[in-house]
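In what follows, a structure is listed as structure tokens, so that the remarks can point back to it.
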Amino acid sequence: MATYRIMIDRDMLQNALDTTQAESFTLITPGLIIEIILFGLLPILLIVLVNIKPIKHWGLYLLRRLCSVILAVLLIVLVAALFYKNYAAFMRNNSGIIKYLTPSNYIAAIYNQYDYLKYKNLPFVELGDDAYQEPSANSNGQKNVMILIVGETARANNFSLGGYSKDTNALLAKQNVTYFQNTTSCGTATAYSLPCMFSNMTREDYNPKLANKQSNALDILQKAGVNILWVDNDSGCKGVCDRVPTIDVTQKYQNASKLCQEGVCYDDILLTDLPEYLDHIQNDTLIVLHTIGSHGPTYYQRYPDEYRKFTPTCDTNEINRCSQDALVNTYDNTIVYTDAVINQTIDLLKRYDNRYNTTLMYLSDHGESLGENNIYLHGMPYSIAPKEQTEIPLVLWLSDKYEQQQAVDRQCLDVAAKTQPFSQDNLFHSLLGMFNVKTTQYHAQLDILGTCRTTLNHIEPK
Ligand SMILES: [Zn+2]
């Protein structure tokens, strides 16, 4: 670690298990031997020489130990409560540092390797082999084209569509969108939420290890004949798009667009390839745009200057140096920009209204804490996570043609959006429902349009 600046994690353990004798010998250097003698053998020798007295009063001894453990835990809780902001930002900016801590690093690596091997050899389970697209009763003969925008770190609380006092959704407010007032996420981090929302498992019975070992909504739609395209401007699709066509626009346009620099791009980049793609659609199509959205702690890097609507802003990754106001302003500007990206995508779909039945859905992966109860960022265990991390925005836009074709009851939908709870559990079934895909995997009661289609009989016997 000291010489090669490596970290001990599961990958490094895997390297050690896979290495050859020749490779191992090249690592055994005089420096290593001196290190082992100085920091290994010498301390052991000193410990051996210590004269250990036998314990006379076990009860008293254990009590004293217990007291010092409790005291230590209390101190840690106190420090965490007082300086959460500093630690949260530091750990986020230096996430690898935990892997330098010995011995927890190799203990965690051993456990992770065991866990990895346990699930690695599980066979892939094909779901939805019975899936097919049922022709719509009111079909107008045109193809259905849906864009699903997967948000990043957008929390419901800061959407003015949901009642937030600052006007963060000025553009979407003018579009004919449905905003779902009460929507929750599956997890509090991308890597957990993303596979969960596309899987047929609900949050209650979700197993992240199994999610990538079975077909998800995209796989089943593809089987049924729907074309899929995943366009990524975030940290990858976490296995969700492994079996469908994918474009990584962050990489593609890194040195080719003014929207990109230093390994990240503004979300506008997601729309670059779309007109060309939309021009050539032959089948029903689902396009997923995976945004970088409001990813922190560098909120100020998520939007171009012209979206700096709320000031002053916090223009550093050390959010502990900013005032609460500045931090929230910066975050709100990311939502203002997200609002513009969604709005622009709807406008783009409108340009194709004469050719396709178009729809758009926007759904965030999880929320974010911005200092409420001194908690920042996201990733808290779900059971104790604050609502800021689990309440997410969900927006649906249906073109008039799609609405007619699918016989969607607008009023029913508006009432449901205002009064009923929704969650990422609904995405799997809603996507299948949007394309009229019939399969035993589909459950109408979890489809957000399921009960609001007037002529299609989607209700299943229970
Ligand atoms: Zn995320």
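Whatever order the structure lists them in is the order used to number ligands and atoms, beginning at 1.
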Identify the residue among Y307, Y331, Y300, Y303 that makes a ring pair (Phe, Tyr, Trp, His ring centres under 6.0 Å) with Y337. Y307

Taking N, O or S atoms only and a limit of 2.8 Å, check whether E152 reaches the Zn ion (ligand 1). yes

The Zn ion (ligand 1) reached by T153 (N, O or S, under 2.8 Å): no

Please report whether the ring centroid of W397 lies less than 6.0 Å from that of Y402. no

Could you pull out the atom name of the N/O/S atom in D365 that is nearest the Zn ion (ligand 1)? OD2

Side-chain donor-acceptor distances from residues 105-112 under 3.5 Å, at least two apart:
residue : atom : partner : partner atom : Å
N105    : ND2  : K99     : O            : 3.1
N105    : ND2  : L101    : O            : 3.4
N112    : ND2  : A108    : O            : 3.3

Residue pairs passing the salt bridge (Lys or Arg N to Asp or Glu O under 4.0 Å) test where at least one lies in residues 264-283, sequence neighbours excluded: K252-D273, D279-R355

Just wondering, is there an N, O or S atom on H295 that's nearer than 2.8 Å to the Zn ion (ligand 1)? no

